[in-house]
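Heads up: the structure comes next, in structure tokens.
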Amino acid sequence: MSAGVAFFAGATALHLSRWYEGNRYCGRCGGRMERKSGQRALACPECGNTVYPGIAPAVMVAVADGNRLALGTDCGLFYISLFCCRLF
């Protein structure tokens, strides 16, 4: 197994273990949650509420112009998440 694959597997395991630990009880009725068979989900046997782990998608892009690379930073304008770029 390569180092990248091992890191990803470890990070996924850590994320899931913390998620399972933090979601022991149903947010709707307070019943004890159980793992749902065949899925990464928890289900409440009392009210039927099903909860899935949160997914935070991200996109990484490299913008190049010959041997120059555009680097971005958060501009911090109000509540809007904007990025400012400069070529180096």
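Note that the structure is a prediction, hence the values are computed from the model and not measured.
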Nearest atoms (heavy-atom pairs only) where Asn49 meets Gly27
ND2-N, 4.3 Å
Show me the pairs that pass salt bridge (charged side-chain N to carboxylate O under 4.0 Å, His left out) and involve residues 36-61, at least two apart or across chains.
none
Applying side chain to side chain donor-acceptor pair (under 3.5 Å), can you list everything that pairs with Arg35, at least two apart in sequence or on another chain?
none
Sorted by chain and number, sequence neighbours left out, side chain to side chain donor-acceptor pair (under 3.5 Å) with Tyr52 holds for Gln39
Rest of the hydrophobic cluster containing Leu16 (Ile/Leu/Val/Met/Phe/Trp/Tyr, side-chain heavy atoms under 4.5 Å)?
Trp19, Tyr20, Met33, Leu42, Val51
Under the 4.5 Å side-chain heavy-atom rule for ILVMFWY, direct or indirect, which residues accompany Phe8?
none
Going by the salt bridge (charged side-chain N to carboxylate O under 4.0 Å, His left out) test, which pairs reach into residues 15-29, not counting sequence neighbours?
Glu21-Arg24
Where do Gly31 and Cys44 come nearest, in terms of heavy atoms and distance?
CA-SG, 4.4 Å
